[in-house]
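Side-chain atoms are counted along with the backbone in the values below, which use heavy atoms only and exclude waters and symmetry mates. Chain naming here is simple, since letters A, B, ... match the order of the sequence lines and numbering starts at 1 in each.
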Number of protein chains: 2
Amino acid sequence: MSDFDEKPEQKKRVTAQMVADAAGVSRSAVSRAFTDGAYLDSEKRVRIRQVALELGYQPNALAAGLQGGRSHLVAIFVGNMRSPYDTAFVGHLVGRLNALGKWPILIDGSGAQASTAVEDVLRYPLDAMILRGGSMPEDLVLQCAKIGIPMISSGRPVDIDGVDNVCCRNADGTRSMTEFLIAQGRKKFAYISAPRAYYSSTQRRNGVVQALAQAGRELMAEEDGDFTVDGGFDAGMRLLSNHRPDALICANDATAIGALTAAKEMGWQVPDQIAIVGFDDIDMARWPSFDLTTVMNPIDRSVDAIIELLNRRLETPEKSNEMILVKTELVLRGTH
Amino acid sequence: MSDFDEKPEQKKRVTAQMVADAAGVSRSAVSRAFTDGAYLDSEKRVRIRQVALELGYQPNALAAGLQGGRSHLVAIFVGNMRSPYDTAFVGHLVGRLNALGKWPILIDGSGAQASTAVEDVLRYPLDAMILRGGSMPEDLVLQCAKIGIPMISSGRPVDIDGVDNVCCRNADGTRSMTEFLIAQGRKKFAYISAPRAYYSSTQRRNGVVQALAQAGRELMAEEDGDFTVDGGFDAGMRLLSNHRPDALICANDATAIGALTAAKEMGWQVPDQIAIVGFDDIDMARWPSFDLTTVMNPIDRSVDAIIELLNRRLETPEKSNEMILVKTELVLRGTH
DNA sequence: AAAGTATGTGAACACGTGTGCACAGTCCGT
DNA sequence: ACGGACTGTGCACACGTGTTCACATACTTT
């Protein structure tokens with residue numbers, strides 16, 4: 001019947017005490033073997049780690065986090081998991097956080113249960129909370145701030161104590177794009193926007209209007225999109241049926257791709273009759289079918305900024321709020 | 001000088017003991033106020049929760065998880081954070097997990113540090129680990145299995161004890177698509193694949209070959225792509241320069257979109273001269289510029305299956321492995 | 001009125017780890 | 001030879017919670 005015993009069905013997690021017993025040392029020694037900079041005979045350290053490896057031991061992060069230090073957990077609230085830009089953004093961010101030894105917990109901000117999800121995740125002592133686009137209800141932001149969780153918002157500035165911001169220079173981007181198109185000889189400008197709730201669309205529109213005003217011009221037409229390809233397509237159809245602009249600036253790339261498709265379908269020659277440009281420089285903008293001229297909203301630089309702010313905030317929790325503005329760049333392809 | 005005291009700079013987390021003191025009850029009562037099904041006077045319960053709300057108290061999930069029950073943490077290993085299909089998949093999955101009260105920790109499998117990241121995240125007592133696409137090194141899979149962490153793999157079957165699988169019927173999908181195209185009168189078939197390392201590409205190719213064999217035919221041409229639009233574009237260029245097929249089946253939608261663009265650029269009439277079809281039905285397949293006929297690889301049903309397997313595995317940890325096969329559907333649009 | 005039962009609550013333990021503190025042992029300088 | 005500096009290690013405490021157990025109180029039954 002010893003066969004029965006041979007399958008211990010080890011379901012319990014291996015604990016430091018078991019390693020200590022197996023290696024003939026105290027539990028403290030095991031703990032020290034896994035903490036850098038702790039006093040421990042180096043030969044003993046390797047022996048302990050060897051035993052730990054054989055037993056499959058890993059320090060329990062829950063117990064360690066309880067200890068008072070950092071938990072290494074970072075929540076990411078992402079407003080729209082469908083948007084190509086946001087998903088690409090989150091992809092980069094996750095990679096960087098992983099490399100830093102931080103663990104990103106994702107919260108889908110588009111779901112109906114987003115508020116309760118945020119509320120519940122606060123049961124974990126988070127190192128930080130990162131907001132990507134979308135809008136987290138203000139009372140939740142305040143609650144996080146009250147609890148003392150560092151927050152970093154990207155894509156929509158949040159003016160609350162304890163919240164750092166990373167934002168791209170939206171107006172600068174569309175302003176220089178508009179100036180470029182004016183210099184190129186374009187005269188009749190139109191804009192496809194996004195709902196007012198999207199902060200960045202308004203900013204981008206401002207840039208266009210400012211550059212036009214500087215040149216003594218103004219928008220000849222305007223339509224409402226919704227940051228999606230379908231929305232851009234519909235808005236493009238409506239706009240190009242009623243007006244004949246020679247430059248169409250869109251609130252983002254998805255909108256521009258939709259509008260570009262609509263224009264081609266209606267028989268417009270791009271870029272001969274009309275320039276159509278977007279904002280963001282998502283992967284699809286580069287696809288040969290679109291070859292979209294656009295304003296780059298640099299993901300890598302924004303993520304760098306987030307990581308930088310995160311490190312600074314963890315270093316000095318009481319520091320004053322910061323806002324890092326990320327520069328845009330014109331990406332000149334085939335639609336201007 | 002009382003002003004000085006009024007700003008306590010409360011940085012420490014509120015603990016159950018503080019709530020107990022403030023409410024004039026024992027700490028146990030506070031704990032019970034937050035656990036469903038615990039004996040506690042209902043009037044007292046609401047009073048405690050009221051005090052907790054005012055103080056901003058939330059039970060510390062780290063300490064609670066230490067208690068022995070579930071940790072509610074679920075790791076998601078995602079092979080490629082750039083792929084539109086995978087990111088959409090993860091988006092859905094995150095939403096569903098949030099609604100279930102599980103917290104998804106993301107691991108970027110494409111980074112160089114992916115292995116150590118997986119190793120490190122195992123310090124948390126995870127409820128489960130979900131693999132989406134990509135390939136997690138086998139030794140890590142075995143390590144997870146040894147520790148006893150339930151694993152669910154999606155997109156690439158893993159035949160290891162303790163690993164459940166969700167997989168779409170790749171071969172069935174391309175087989176019925178091929179049969180459909182044959183019935184439609186197409187005769188000369190070509191295929192653009194992905195590297196052999198991608199399990200699903202091989203399966204999809206098999207479906208094509210089987211359907212052709214059934215009709216007494218075989219592939220007339222074949223090129224290697226890499227599951228990306230650029231790869232599909234290049235492969236399409238090469239293939240269509242040297243052959244004149246009337247049906248081109250691609251390993252996934254991104255490849256098909258690239259090939260479609262190449263075909264149009266070379267002056268091919270789609271679908272009159274050639275049918276070009278993909279696999280997955282990503283958002284972009286629906287975009288008006290592509291209007292791609294494809295095989296739907298249903299994300300919602302796959303995610304449903306994952307959630308189902310997760311629940312069953314948590315219910316009965318010792319149950320035998322399961323494999324759920326997800327049915328595909330033809331999506332007939334404009335490129336056939 | 002006594003005995004039994006239902007209800008509510010506090011004390012104490014367990015979870016697994018990091019670390020301050022005290023102590024043992026070794027090496028060096030005078 | 002002796003005191004001091006240095007190195008290495010175990011003990012014990014703290015972290016914040018869920019839960020068992022015993023106990024106190026109120027209520028019902030014979």
Inset, instruction - Could you say whether B:Arg32 or B:Ala63 is positioned toward the 5' end of DNA chain D, judged by the nucleotide with the nearest heavy atom to each? - result: B:Ala63
Legend entry - Pairs meeting criterion ring-ring contact (aromatic ring centres under 6.0 Å, His included) with involvement of residues 126-161 of chain B, two or more places apart: none
Inset, instruction - On DNA chain D, reading 5' to 3', which nucleotide is the first and which the last to sit with an atom under 4.0 Å from a heavy atom of chain B, could you check? - result: D:dG16 to D:dT20
Inset, instruction - For the pair A:Arg96 and A:Asp304, evaluate salt bridge (Lys or Arg N to Asp or Glu O under 4.0 Å) and give the outcome as yes or no after the intermediate values. - result: CA-CA 8 Å; A:Arg96 290 294 303 274; A:Asp304 283 352; 2.4 Å; yes
Inset, instruction - Round to a whole Å and report the spacing from CD of B:Gln17 to P of C:dA12. - result: 13 Å
Inset, instruction - Please report, rounded to the nearest Å, how far the P atom of C:dC13 is from the CD atom of B:Gln67. - result: 15 Å
Legend entry - Pairwise side-chain contact, A:Leu310 with A:Leu97, heavy-atom cut-off 4.5 Å (strictly under): yes
Legend entry - Closest-nucleotide 5' rank along DNA chain C - winner of A:Thr35 and B:Val25: B:Val25
Legend entry - Any donor-acceptor N/O pair, B:Arg45 side chain to B:Arg32 backbone, under 3.5 Å: yes
Legend entry - Separation of C:dT9 C1' from B:Glu43 CD (nearest whole Å): 15 Å
Inset, instruction - For B:Ser31, report the nucleic acid contact type (base, sugar-phosphate, nothing); a contact means any heavy atom under 4.0 Å. - result: base
Inset, instruction - Would you kindly give the CD1-to-C1' distance between B:Ile48 and C:dG8, to the nearest whole Å? - result: 12 Å
Legend entry - Candidates C:dG18, C:dG10, C:dT19 - which lies nearest the side chain of A:Arg27: C:dG18
Inset, instruction - To the nearest 10°, let me know how far the axis at one end of the helix from C:dA1-D:dT30 to C:dT30-D:dA1 is tilted from the axis at the other, five pairs an end. - result: 50°
Inset, instruction - With the side chain of B:Ala29 defined as its heavy atoms from C-beta on, choose the nearest nucleotide among C:dG8, C:dG10, C:dT17. - result: C:dG10
Inset, instruction - Using atom CG of B:Leu40 as one end and atom P of C:dT9 as the other, report the distance to the nearest whole Å. - result: 5 Å
Legend entry - Those residues that, when tested against B:Phe34, pass ring pair (Phe, Tyr, Trp, His ring centres under 6.0 Å) (two or more places apart): B:Tyr57
Inset, instruction - For residues A:Trp103 and B:Asp120, determine if any side-chain heavy atom of one lies less than 4.5 Å from a side-chain heavy atom of the other. - result: yes
Inset, instruction - Can you tell me the distance, in whole Å, between the CG atom of A:Asp41 and the P atom of C:dG25? - result: 16 Å
Inset, instruction - For B:Glu308, check side chain to side chain contact (heavy atoms under 4.5 Å, CB included) against everything at least two apart and list the hits. - result: B:Arg312, B:Ile324
Legend entry - Under-4.0 Å side-chain N/O to phosphate OP1/OP2 contact, B:Tyr39 with C:dG8: no
Legend entry - Partners meeting side-chain hydrogen bond (donor to acceptor under 3.5 Å, both in side chains) with A:Gln17 (sequence neighbours left out): A:Asp21
Inset, instruction - By nearest nucleotide on DNA chain C, pick out whichever of A:Tyr57 and B:Ser26 is the more 5' one. - result: B:Ser26
Inset, instruction - Have a look at B:Ser28 and say if it touches a base, only the backbone sugar-phosphate, or nothing, with a 4.0 Å heavy-atom cut-off. - result: base
Legend entry - Student check: side-chain heavy atoms of A:Val158 and A:Met136 closer than 4.5 Å: no
